[in-house]
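Everything numeric in this text was worked out from a predicted model, so none of it was measured.
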Amino acid sequence: QTINSQMSNKPNESRLSRKSTLKASRNKSPPQVVRSTDGKLRRTNTDSSGNSYFVQDEQGKEATEDTIKSHLNDYLKKEIVNTISKEAKPESHKKGNGYRYYGQITKAGRNQNGKEKIDQDTPLVHLNVGGVPGFNLFGVLDGHGSQGHFVSQFCRDYFIEVMNKYAERCKSSNLNTPEAIYNELKRTKFAYIIDAFNKADVAMAQQKFDYNFSGTTCNIVFQFNKNLVCASVGDSRGILVFDQGDKKNQGIFPLSTDHKPNLPGEIDRIKLHGGVVEQMTDFEGNKVGPERVWKAGCNYPGLAMSRSLGDFQAKEAGVISSPQIVEYTITRASKYMIICSDGVWEFIKNEQVRDMGNAFFMKNDVGGFCTDLVKFAMHSWEQFDIIRDDITVVCVLI
């Protein structure tokens, strides 16, 4: 993400000395959570916007960690919007629609003032592409920069349109099944998908929004019944959970790689294009934050990823829109796949997501999993930072 969208200030420890009581916020901003020097969770005090935070309960006693977590959980229940969860008809699934249930949810982040910001994440779920049952698109696009929400929404619509046209063209050539379309794409080493990513920038250049310093990640799983093809740029991550011989031992297959500028190969390409990969420097000269891409001799664009859609200034420094392609064949051992924006992965490990999902998917409760994962991610942000990134989850039980 760009420099403007990632900078944040940590809570000031001196604010903890002022006391306030445990009560509901006067607006929809959540209680901020910080960890004090003694290792216990605390709330910061009332801020200028009228948010009521606490370090004591109503009786004046120090609030326990359990009380704080309970208060935060009550807030999250009120804030979370129910996810969409849809089941494929049993007869359709037997024919190979590719999924049993899917769920999606997106939650806007909060800025440094505790106010909800524009949600720049865009989930993508498009079933039966071009009228071909079993050809589905599942993905997440995470916009960044001042126009990031326009970029992510535009790219979602662009890929749906492009793939619909491709499926229709395949049908006109008697490629009527997902397997036939997959075999044709594989024969050409997925050139059409790669070309679609690169042409997204061309199509974007005809739009009115600013694409020079705004862009989006893009992680899309193209499902052809049993065959999955994940194409990704940026750091929206996809994983697939599968059994390893017994139901209690489940593995994780990475469907994508987070495209960070300091990765081998990525940093080489950026340097060959005259770009520079460095961290930001604070006022005291200390290096802070993730590695970013800069144009040589410039203090921009400061992009914290090596591949993206849009971000035309960063393209001059070696950032590319060509996706990484990963294939996976669904077997009886395959359980579910999860695609999330980095608002989930910032503080949560792949294994934690898997362990949380196992309990829900024993009951086929995809909607409950999506909701609880967003709540868990929000809780994690509240503990470690004042701001909160946008959070988006797309999950498919296969």
Side chain [X], main chain [Y], donor-acceptor under 3.5 Å:
| X | Y | value |
| --- | --- | --- |
| R292 | G302 | yes |
| H273 | G318 | no |
| N113 | K115 | no |
| D311 | A314 | no |
| Q250 | K335 | no |

So that I can tick it off, tell me whether [Y] and [X] are bridged by a salt bridge, with the cut-off set at under 4.0 angstrom between side-chain N and carboxylate O.
| X | Y | answer |
| --- | --- | --- |
| K260 | D235 | yes |
| E184 | R187 | yes |
| R388 | E346 | no |
| D389 | R110 | no |
| K315 | D201 | yes |
| E316 | K295 | yes |

Applying side chain to side chain contact (heavy atoms under 4.5 Å, CB included), name anything that partners I267, two or more places apart in sequence or on another chain. K271, V277
Could you check if a side-chain atom of Q147 sits within less than 4.5 angstrom of a side-chain atom of F213, using non-hydrogen atoms only? no
Can you see whether [X] engages [Y] through a side-chain donor-acceptor pair at a distance of less than 3.5 angstrom?
| X | Y | value |
| --- | --- | --- |
| K107 | T392 | no |
| T177 | Y182 | no |
| D121 | H149 | no |
| N358 | Y336 | yes |
| S322 | N198 | yes |

F159 and ring-ring contact (aromatic ring centres under 6.0 Å, His included): which single residue from F197, F138, F154 fits? F197
Is the Lys NZ or Arg CZ of R237 less than 6.0 Å from the centre of W345's six-membered ring, within 45° of the axis? yes
Answer yes or no for K226 and F224: cation-pi contact, defined as NZ/CZ to six-membered ring centre under 6.0 Å and angle to ring axis within 45°. no
Are the aromatic ring centres of [X] and [Y] under 6.0 angstrom apart?
| X | Y | value |
| --- | --- | --- |
| F253 | F242 | no |
| F347 | W381 | yes |
| Y211 | F150 | no |

Of the options N219, T216, T217, which is the one that meets S236 in a side-chain hydrogen bond (donor to acceptor under 3.5 Å, both in side chains)? T217
